[in-house]
Protein chains: 2
Amino acid sequence: MRAYAKLREKPDMPWSLDEISQFLDQQGIRPSFQRLKIFEYLVNERTHPTADEIYEVLRKDIPSISRTTVYNTLRLFLDKKIIQMVNIEKNEARYDATLSWHGHFKCLKCGQVYDIEIEELKLGGLAGYQVLEKHLDLKGLCPSCCQGK
Amino acid sequence: MRAYAKLREKPDMPWSLDEISQFLDQQGIRPSFQRLKIFEYLVNERTHPTADEIYEVLRKDIPSISRTTVYNTLRLFLDKKIIQMVNIEKNEARYDATLSWHGHFKCLKCGQVYDIEIEELKLGGLAGYQVLEKHLDLKGLCPSCCQGK
DNA sequence: TCTCATATTTGTAATCGTTATAATATTAAA
DNA sequence: TTTAATATTATAACGATTACAAATATGAGA
């Protein structure tokens with residue numbers, strides 16, 4: 001996984017459309033308007049949205065956009081390995097433009113998905129296995145939802 | 001999570017139907033034949049089967065069994081917290097009668113799901129969160145499928 | 001044992017997220 | 001400009017799961 005965000009001058013600033021366009025080009029993805037906007041949403045919001053959430057948000061800007069385009073584009077981004085899929089919840093694929101190794105926490109009350117920092121992970125008995133993907137998914141109550149529980 | 005297996009005299013021996021019957025009773029689950037056989041399959045095979053795999057296997061013994069019964073029973077077992085759901089693969093819920101903390105590895109070639117020992121896990125920034133569930137899911141190639149790759 | 005209430009099982013239809021398909025529109029190349 | 005390749009769109013199809021309602025089995029009390 002490439003932590004491409006770190007190559008940027010100001011990693012925490014929102015990506016401009018120009019920057020996204022260049023980036024997609026570099027990755028061999030033709031930067032159509034729909035693709036730009038979908039990547040923009042993922043990389044600048046970082047809320048781990050579902051395909052349908054992306055569709056509903058982008059519909060305001062691009063009334064003609066179709067669900068299929070969103071799904072197609074997300075699959076393209078996955079194939080090109082510039083985003084990852086988050087399967088913390090059954091029957092609800094989410095998408096994440098952060099590729100560096102981190103975990104996810106889903107609040108069972110408010111439904112929000114948070115990034116979790118993994119300081120150390122030691123696994124046993126993996127000799128002979130070739131690990132290509134790692135996912136750490138937590139569920140529970142987030143700080144705001146714990147309040148006065 | 002109760003590691004009930006460890007309470008047994010010989011933890012590695014297969015569970016008898018009598019023993020399963022007693023166990024379900026203790027958990028407030030009436031031990032019908034279908035429930036006995038579904039739990040028997042989960043606890044003695046430990047292959048992390050899907051609902052459909054359980055259905056297809058049990059159909060040989062119980063030709064009248066329906067998919068709905070398998071789904072209902074698995075949901076009951078989940079509610080009573082005597083099994084856990086494994087969502088390592090999208091659109092493919094698997095079920096596991098081992099409740100002690102461990103990870104899962106799915107081989108992308110043969111499809112088998114293995115248990116992985118977690119020696120240490122240290123997370124950061126979880127202050128204020130109440131963690132109720134943890135899942136560690138890996139994908140890659142298992143030793144047999146790596147051979148002479 | 002019989003009866004009744006309750007729990008369980010079953011088959012079918014419905015649901016929901018996602019994918020397949022095919023027509024249309026857009027872009028790039030000749 | 002013409003043509004070919006690519007991208008987008010709407011619709012239909014798919015597959016895993018759930019909802020529903022009827023049928024069956026079970027257990028407690030008379």
J.: Check residues 28-38 of chain A and write down every donor-acceptor pair under 3.5 Å in which the side-chain atom is one partner and the other belongs to a residue at least two apart or another chain.
T.:
{"from": "A/Ser32", "atom 1": "OG", "to": "A/Arg35", "atom 2": "N", "distance (Å)": "3.2"}
{"from": "A/Arg35", "atom 1": "NH1", "to": "A/Arg30", "atom 2": "O", "distance (Å)": "3.0"}
{"from": "A/Lys37", "atom 1": "NZ", "to": "A/Glu40", "atom 2": "OE1", "distance (Å)": "3.1"}
{"from": "A/Lys37", "atom 1": "NZ", "to": "A/Asp61", "atom 2": "OD2", "distance (Å)": "3.4"}

J.: How would you list, by chain and number, every residue that makes a side-chain hydrogen bond (donor to acceptor under 3.5 Å, both in side chains) with A/Glu56, sequence neighbours excluded?
T.: A/Arg59
J.: Hey, is the side chain of B/Gln34 poking within less than 4.0 Å of OP1 or OP2 on C/dT10, counting only N and O atoms?
T.: yes
J.: May I have the distance from B/Leu24 (atom CG) to D/dT26 (atom P), rounded to whole angstrom?
T.: 16 Å
J.: How close or far is atom C1' of D/dT26 from atom CG of B/Leu36, stated in whole angstroms?
T.: 14 Å
J.: A side-chain contact here means heavy atoms from C-beta on lying under 4.5 Å apart; do A/Leu121 and B/Leu136 qualify?
T.: yes
J.: Please, which pairs that meet ring pair (Phe, Tyr, Trp, His ring centres under 6.0 Å) have at least one residue in residues 45-74 of chain B, sequence neighbours excluded?
T.: B/His48-B/His104
J.: B/Ile65 has an atom CD1; how far is it from atom C1' of D/dA25, in whole Å?
T.: 15 Å
J.: Please report the distance, rounded to the nearest Å, between CG in B/Asn87 and C1' in C/dG17.
T.: 14 Å
J.: Sort and list the pairs that fulfil salt bridge (charged side-chain N to carboxylate O under 4.0 Å, His left out) and have at least one residue in residues 103-113 of chain B, not counting sequence neighbours.
T.: B/Glu89-B/Lys106, B/Glu92-B/Lys106
J.: Expressed as a whole number of angstroms, how long is the span from A/Lys37:NZ to D/dT9:P?
T.: 14 Å
J.: List the protein contact pattern of nucleotides 16-23 of chain D with one symbol per nucleotide (5' to 3'): B for base contact, S for sugar-phosphate-only contact, - for none; contact means a heavy-atom distance under 4.0 Å.
T.: SBBB----
J.: Which of residues 106-114 of chain A sit near DNA chain C, with a heavy atom under 4.0 Å from it?
T.: none
J.: Does anything in residues 113-124 of chain A pair up under salt bridge (charged side-chain N to carboxylate O under 4.0 Å, His left out), and if so which pairs, sequence neighbours excluded?
T.: A/Glu120-B/Lys122, A/Lys122-B/Glu120
J.: Mind checking if A/Ser32 touches a base, just sugar-phosphate, or nothing, with heavy atoms under 4.0 Å?
T.: sugar-phosphate
J.: Would you confirm whether the ring centroid of A/Tyr95 sits within less than 6.0 angstrom of the ring centroid of A/Phe77?
T.: no
J.: Report the distance from atom OH of A/Tyr55 to atom P of D/dT8, rounded to the nearest whole Å.
T.: 15 Å
J.: Looking at residues at least two apart in the chain, or sitting in another chain, which of them share a ring pair (Phe, Tyr, Trp, His ring centres under 6.0 Å) with A/Phe105?
T.: B/Tyr129
J.: I need the CG-P distance between B/Leu74 and C/dT8, as an integer number of Å.
T.: 15 Å
J.: When you check every protein heavy atom under 4.0 Å of nucleotides 22-30 of chain C, what one-letter string (B, S, -) results, 5' to 3'?
T.: -----SS--
J.: Who are the side-chain hydrogen bond (donor to acceptor under 3.5 Å, both in side chains) partners of A/Arg75, not counting sequence neighbours?
T.: none
J.: Report the residues that fulfil side-chain hydrogen bond (donor to acceptor under 3.5 Å, both in side chains) with A/Glu53, sequence neighbours left out, ordered by chain and then residue number.
T.: none
J.: Using the test side-chain hydrogen bond (donor to acceptor under 3.5 Å, both in side chains), find all partners of A/Thr69 that sit at least two apart in sequence or belong to another chain.
T.: A/Ser66
J.: When the distance from CE of A/Met85 to C1' of C/dT18 is rounded to whole Å, what number comes out?
T.: 10 Å
